[in-house]
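To keep things clear, I will list the structure first and then write my remarks on it.
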Amino acid sequence: MSDILIWALLFVSVSILVVSVLVLKVIKIYIQQSLHPSRLATAEEKEQYRLEQEGLQMEKPEKSSIWTKLLGLKPLSEEKELVMEHEFDGIAELDNPTPAWFMVLFYGTIFFAIAYMVNYHVIGWGKSQEQEYAAELQQAEDEHIAYLQKPGAGTANKINESNVAQSTDKAVLQAGGALFKTACSPCHGEHAEGAVGPNLTDDYWLHGGKVKEIFKTIKYGVPEKGMIAWEKQLKPKQISDIASYILSLKGSNPAGAKAPQGKKEE
């Protein structure tokens, strides 16, 4: 006997067993209904049953969704319980609590403010904004000095207010004079006789008359007097040339010279 025939006989046996069980149940139900027949529900009873089921559904409390819980909202079925006693012009106020997300945000900002104050103004573990600003300025100054001192930066870029020296070289003064007419003459006059700015040909100086002081004044400007800082527009060598040119004009007594200003320097 082959395996296929064995499996076929097994399947037929199981099928006959299942059918026999079902037939047995049908016979049992038939006998029960013959001895004690069930009464069918009338149309009125069916309608009453339907109304009862709808009433149960209405009384069943509405489940709050996760979104509703997160926002701290109440279901509409509970709105009657939230109505407050007073009303105005037919409009009643609901006793709705503040949403949970808002309260979390509110208390979070308070906690952050306290932690920030303790950290930056009491314990001092971190740098305040002013300290960060000062540190960045110092870093920029250090990088600027390092750049000027870098071998590849060239001799001209190494000039600063600490090592600048006055030059009497004709080419230097000529270059400085050309730059002066472009950058300085609008405020100090074409011959440095003074206009909006002071006279640069006499012995009186507002911010120092030495070459280093003049270089520094040109480089960083005098913001409170309206003079801009030229360090971003001019190279250090160009500022040095202008300073030397200005010093070369001392005692030139140009026509229409402005009255002396500042402190006299020999």
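Note that the numbering runs from 1 along the sequence shown for the chain.
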[X]: what forms a salt bridge (Lys or Arg N to Asp or Glu O under 4.0 Å) with it, not counting sequence neighbours?
| X | value |
| --- | --- |
| D241 | K237 |
| E45 | R39 |
| E161 | K219 |
| E190 | none |

Apply side-chain contact (heavy atoms from CB on, under 4.5 Å) to E52 and Q48, showing your working.
CA-CA 6 Å; E52 291 176 354; Q48 183 179 0; 3.6 Å; yes

Does the H188 side chain pair with the main chain of P198, one donor and one acceptor, at a distance under 3.5 Å?
yes

Is the [atom1] atom of [X] crowded by more than 12 outside heavy atoms at less than 6.0 Å?
| X | atom1 | result |
| --- | --- | --- |
| L22 | CG | yes |
| Q129 | CD | no |
| K258 | NZ | yes |

Connected hydrophobic set around V12, excluding itself, where side chains approach under 4.5 Å:
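Members alongside V12: I16.
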
Taking the hydrophobic residues Ile, Leu, Val, Met, Phe, Trp and Tyr, and joining any pair whose side-chain heavy atoms are under 4.5 Å apart, which ones share a cluster with L206?
none

Taking every non-hydrogen atom, the tightest pair across [X] and [Y]:
| X | Y | result |
| --- | --- | --- |
| I218 | A243 | CD1-N, 4.2 Å |
| S244 | V172 | CB-CG1, 4.4 Å |
| A165 | S240 | O-OG, 4.3 Å |
| G189 | A195 | N-CB, 4.2 Å |
| L173 | T168 | CD1-O, 3.8 Å |
| I214 | G208 | CG1-O, 3.8 Å |

Tell me the salt bridge (charged side-chain N to carboxylate O under 4.0 Å, His left out) pairs involving [range], sequence neighbours left out?
| range | answer |
| --- | --- |
| residues 93-106 | none |
| residues 165-181 | none |
| residues 195-214 | D203-K250, K210-E265 |

Can you name the ring-ring contact (aromatic ring centres under 6.0 Å, His included) partners of Y116, sequence neighbours left out?
Y120

Quick check: do [X] and [Y] have side-chain heavy atoms less than 4.5 Å from each other?
| X | Y | value |
| --- | --- | --- |
| T217 | M227 | yes |
| V211 | L247 | yes |
| R50 | E54 | yes |

From [X] [atom1] over to [Y] [atom2], what is the distance, rounded to the nearest 0.5 angstrom?
| X | Y | atom1 | atom2 | value |
| --- | --- | --- | --- | --- |
| E231 | N160 | CD | CG | 11.5 Å |
| E193 | N253 | CD | CG | 12.0 Å |
| L105 | T98 | CG | OG1 | 12.5 Å |
| S185 | L200 | OG | CG | 11.0 Å |
| L5 | L10 | CG | CG | 11.5 Å |

Pair Q139-E143, side-chain donor/acceptor within less than 3.5 Å
yes

Can you tell me which residue pairs pass the ring pair (Phe, Tyr, Trp, His ring centres under 6.0 Å) test with a partner in residues 189-232, sequence neighbours excluded?
none

Residues 6-33 vs side chain to side chain donor-acceptor pair (under 3.5 Å), sequence neighbours excluded, gives Q33-S38

